[in-house]
Amino acid sequence: MKPLHTVLALLLILFTSSYLQAAMAGSAFCGSKCKVRCSKASVQDRCLKYCGLCCEQCRCVPSGTYGHKDECPCYRDMYTGSGRRRRPKCP
């Protein structure tokens, strides 16, 4: 019974570490891309927050500090609100 617990514990550690490594790699990618994208934003923290959310979901960020959303259709097509209040979510 004890070897079974040991094997299960090792498998759990292995899967957890690989998941965390992938999550951290994605965050580093998004962090660096969003830092460039939001470098000229007047409200840095808000820009970084929404850029990060969009990047995590779309896995891409358009180049430059403004425009170029054609490079990333998922990023371009994310909206918040509805009706007259509908506006782009991603900076």
Side-chain angles (χ1 to χ4, degrees):
M1 194 66 150
K2 193 164 188 142
L4 179 64
H5 289 290
T6 305
V7 169
L8 289 175
L10 289 174
L11 286 174
L12 180 65
I13 291 169
L14 178 69
F15 288 127
T16 305
S17 65
S18 64
Y19 172 76
L20 289 175
Q21 186 177 14
M24 289 171 59
S27 298
F29 170 80
C30 290
S32 64
K33 295 286 187 182
C34 288
K35 188 174 181 180
V36 172
R37 183 77 178 170
C38 296
S39 63
K40 293 185 179 178
S42 59
V43 186
Q44 289 274 317
D45 58 340
R46 189 179 311 159
C47 181
L48 289 169
K49 174 185 174 183
Y50 288 107
C51 180
L53 290 172
C54 295
C55 177
E56 289 295 327
Q57 187 169 350
C58 297
R59 302 302 307 149
C60 65
V61 176
S63 62
T65 57
Y66 184 79
H68 306 289
K69 289 189 177 182
D70 297 348
E71 297 173 3
C72 186
C74 171
Y75 193 95
R76 175 193 65 211
D77 297 337
M78 289 181 71
Y79 287 92
T80 186
S82 60
R84 292 183 58 199
R85 295 190 49 109
R86 185 172 184 226
R87 60 200 174 280
K89 181 174 191 164
C90 306

Got a sec: does the CZ of Arg85 have more than 12 other heavy atoms crowding it under 6.0 Å? no
Kindly check if the number of other-residue, nucleotide or ligand heavy atoms within 6.0 Å of CD (Gln57) is above 12? no
After noting the C-alpha distance and the side-chain angles of Cys47 and Cys34, does the key distance pass the disulfide bond (SG atoms under 2.5 Å apart) rule? CA-CA 8 Å; Cys47 181; Cys34 288; over 6 Å; no
Heavy-atom pair of closest approach, residues [X] and [Y]:
{"X": "Gly67", "Y": "Pro62", "result": "O-CB, 3.9 Å"}
{"X": "Leu48", "Y": "Cys38", "result": "N-SG, 3.6 Å"}
{"X": "Thr80", "Y": "Pro88", "result": "CG2-O, 4.4 Å"}
{"X": "Val36", "Y": "Thr65", "result": "O-CG2, 3.5 Å"}
{"X": "Cys30", "Y": "Glu56", "result": "SG-OE2, 3.5 Å"}

Pairs in or reaching into residues 69-78: which pass side-chain hydrogen bond (donor to acceptor under 3.5 Å, both in side chains), with residues at least two apart or in two chains? Ser63-Glu71
Under-2.5 Å SG separation for cysteines Cys54, Cys74: no
Once you find the SG atom in Cys72 and the one in Cys60, is the distance between them below 2.5 Å? yes
Please confirm whether the backbone N or O of Tyr79 pairs with a side-chain atom of Arg86, one donor and one acceptor, at under 3.5 Å? no
With a cutoff of under 4.5 Å between side-chain heavy atoms, which Ile, Leu, Val, Met, Phe, Trp and Tyr residues group with Met78? none
Distance col, row Arg37:CZ vs Ser32:OG, nearest 0.5 angstrom, shows 14.0 Å
